[in-house]
Amino acid sequence: MTQAALVQPPAPARLIDEDRVRWLIESVRGNRFLPQPDSTNVFVGDGDFRAIGAEFLGYFIRIGGLREDSRVLDIGCGIGRMAVPLTQYLDPQASRYDGIDPVEGGIGWCQRTITPAYPNFAFQRLDVAHELYNPSGKISGKALALPFPDYHFDFVIMTSVVTHLPPAEVLVYLSEVRRVLSHRGRLFMTAFVIDGIAAAKENRRRDPRLAFHRYGESPFWFVPNQPPLAAIGFEDGFLDKALERAGLSVALKSLGHWRGTDAGHHQDFIVAKRRGNGR
């Protein structure tokens with residue numbers, strides 16, 4: 001699929017109170033009492049920490065079907081950019097949030113700052129090796145095992161994760177996501193999908209920071225003059241097939257405006273669900 005396509009509803013049919021969602025987003029953006037790290041400590045992502053987190057909260061609800069009573073896993077939670085706005089939406093009695101990341105400083109900040117005020121939010125460091133973020137990690141990305149039981153989460157977040165993963169590790173991550181997803185659970189993933197427009201560079205509106213070039217004949221695209229894992233794009237169809245091999249299927253695929261086309265978001269969004277109803 002190369003156009004935004006709703007394959008099936010991203011969650012069981014329900015009404016979204018759009019006025020409440022808009023109010024919630026604006027409330028998060030303007031709430032100066034919410035935890036926020038010093039800008040010098042934000043090691044992933046650019047832009048306004050609180051505003052981007054609020055923006056994604058809206059995407060999680062509207063596009064991903066996130067519910068207030070969801071059990072949420074945030075893979076690559078960093079220093080809490082997605083977690084902080086979620087504290088204002090998830091039900092403190094009925095929900096649970098777990099964030100994992102290989103960067104000790106980010107996890108430490110979240111544990112010290114978020115968990116004491118929001119006890120249903122937990123964070124742990126997973127010492128996975130990564131060329132940029134954790135080069136001395138003891139766990140290979142090819143041997144990843146998420147420290148959670150099967151069928152445990154209703155909503156898994158992978159924002160800006162596969163955009164920094166080598167192809168050999170993508171299937172491992174997605175297979176683990178499938179294992180921990182509940183039967184009606186959803187994965188919300190961002191990516192850079194190299195479709196025909198992105199590959200051809202047909203206009204000058206494309207994000208100049210993302211001048212992807214293909215790596216040989218592989219599905220892997222990288223940005224020259226940057227570290228290989230600084231930004232990774234994948235040939236259109238690669239992630240769809242990886243999801244299928246992992247036991248997941250695409251419920252929604254919406255392409256972003258980084259490629260220079262009109263869209264309501266920057267990166268590409270993929271929402272996926274478990275394939276099959278049985279365990």
Side-chain angles (χ1 to χ4, degrees), residues 37 41-45 71-83 86 96-115 121-182 185-192 215 218-223 226-234 238-239 241-248 267 270 272 274:
N41 292 330
V42 179
F43 52 89
V44 289
R71 295 166 297 173
V72 176
L73 172 61
D74 188 357
I75 298 175
C77 65
I79 200 164
R81 185 165 63 171
M82 302 302 157
L86 285 168
R96 167 80 181 188
Y97 168 101
D98 284 280
I100 60 171
D101 199 274
V103 180
E104 189 170 7
I107 290 296
W109 184 88
C110 292
Q111 290 173 334
R112 294 189 305 272
T113 310
I114 299 176
T115 300
F121 279 66
F123 301 86
Q124 62 177 297
R125 182 181 182 229
L126 197 59
D127 194 19
V128 179
H130 190 279
E131 183 179 305
L132 291 181
Y133 300 116
N134 193 33
S136 60
K138 294 182 174 60
I139 303 170
S140 166
K142 296 178 183 179
L144 175 74
L146 295 174
F148 304 103
D150 297 354
Y151 318 108
H152 189 64
F153 294 101
D154 306 306
F155 198 81
V156 176
I157 298 168
M158 290 178 67
T159 56
S160 296
V161 174
V162 299
T163 56
H164 301 290
L165 284 182
E169 295 182 14
V170 170
L171 181 60
V172 178
Y173 274 71
L174 295 181
S175 297
E176 277 295 280
V177 167
R178 199 266 184 190
R179 181 182 65 79
V180 301
L181 267 182
S182 66
R186 292 293 183 269
L187 163 66
F188 187 105
M189 179 170 66
T190 69
F192 294 120
Y215 186 80
S218 78
F220 163 63
W221 292 62
F222 70 103
V223 179
Q226 291 191 20
L229 299 185
I232 293 178
F234 289 107
F238 173 84
L239 291 173
K241 291 176 183 176
L243 287 162
E244 184 176 354
R245 287 181 61 193
L248 299 162
Q267 290 189 8
I270 296 175
R274 291 175 63 99

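Nothing here was measured: the structure is a model prediction, and the numbers come from that model. All values below come from the heavy atoms of this structure, side chains included, with hydrogens, waters and symmetry mates left out.
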Could you report the tightest heavy-atom contact between Leu165 and Phe234, atom names first, then the distance?
O-CZ, 3.5 Å
Verify the distance criterion only: is there a donor paired with an acceptor across the side chains of Ser160 and Gln267 at less than 3.5 Å?
yes
Intermediate values then yes/no, side chain to side chain contact (heavy atoms under 4.5 Å, CB included), Cys77 and Ile107
CA-CA 8 Å; Cys77 65; Ile107 290 296; 3.7 Å; yes
Pair Phe153 and Phe148, ring centroids less than 6.0 Å apart
yes
Which atoms form the tightest heavy-atom contact between Val170 and Ala242, and what is the distance?
CG1-CB, 4.3 Å
Between OG1 on residue Thr163 and CD1 on residue Ile232, distance to nearest 0.5 Å
7.5 Å
Residues His164 and Ala230: closest non-hydrogen pair is CE1-O, 2.8 Å
Is there a side chain to side chain contact (heavy atoms under 4.5 Å, CB included) between Leu86 and Ile157 once you walk through the steps?
CA-CA 12 Å; Leu86 285 168; Ile157 298 168; 4.0 Å; yes
What distance separates Leu171 CG from Lys241 NZ, expressed to the nearest 0.5 Å?
13.5 Å
More than 12 heavy atoms of other groups within 6.0 Å of Gln124 CD
yes
Are the side chain of Arg112 and the backbone of Gly108 linked by a donor-acceptor contact shorter than 3.5 Å?
yes
Within the side chain of Thr113, is there an N or O that forms a donor-acceptor pair under 3.5 Å with the backbone of Cys110?
no
Do any N or O atoms from the side chain of His130 and from the backbone of Pro135 form a donor-acceptor pair under 3.5 angstrom?
no
Write down the atom of Asn134, the atom of Arg125, and the distance for their closest heavy-atom approach.
OD1-NH2, 3.1 Å
Could you check Asp98 against Arg96 for side chain to side chain contact (heavy atoms under 4.5 Å, CB included), going step by step and ending with a plain yes or no?
CA-CA 7 Å; Asp98 284 280; Arg96 167 80 181 188; 3.1 Å; yes
Tell me whether the rings of Phe121 and Tyr97 are parallel (<30°), tilted (30 to 60°) or perpendicular (>60°).
parallel
Go through it in stages, so that I can follow the logic: the residues are Ile114 and Phe123, the test is side chain to side chain contact (heavy atoms under 4.5 Å, CB included), and I'd like the CA-CA distance, side-chain angles, deciding distance and then a yes or no.
CA-CA 9 Å; Ile114 299 176; Phe123 301 86; 3.8 Å; yes
Going by heavy atoms in the side chains, are Ile75 and Tyr173 under 4.5 Å from each other?
yes
Taking the side chain from Asp101 and the backbone from Gly78, do they hold a donor-acceptor pair closer than 3.5 Å?
yes
How about Tyr151 and Arg274: do any of their side-chain heavy atoms sit closer than 4.5 Å?
yes
Taking the six-membered ring for Trp, are the ring centroids of Phe220 and Phe238 within less than 6.0 Å of each other?
no
Any idea which heavy atoms bring Pro228 and Glu131 closest together, and the distance?
CD-OE2, 3.5 Å
Between Trp109 and Pro37, which heavy-atom pair has the shortest distance, and what is it?
CZ2-N, 3.3 Å
Taking the side chain as every heavy atom from C-beta outward, state whether Arg186 and Val156 have any pair of such atoms under 4.5 Å apart.
no
Between Glu176 and Leu146 (side chain of the first, backbone of the second, donor and acceptor by atom type, cut-off under 3.5 Å), is there such a pair?
yes
Approximate separation, where rounding is to 0.5 Å, of Leu126 CG and Lys138 NZ
12.5 Å
Side chain proximity check, Glu169 to Leu144, heavy atoms < 4.5 angstrom:
no
Side-chain donor or acceptor of Asp127 paired with backbone N/O of Ile139 under 3.5 Å:
no
Taking C-beta and beyond as the side chain, do Leu181 and Asp154 meet within less than 4.5 Å on heavy atoms?
no
Any Leu239 side-chain heavy atom under 4.5 Å of Ile270 side chain
yes
Check whether any side-chain heavy atom of Val162 lies under 4.5 Å from a side-chain heavy atom of Met158, and answer yes or no.
yes
Side-chain contact test, heavy atoms from C-beta onward, threshold under 4.5 Å: evaluate it for Val180 versus Asp150 and give yes or no.
no
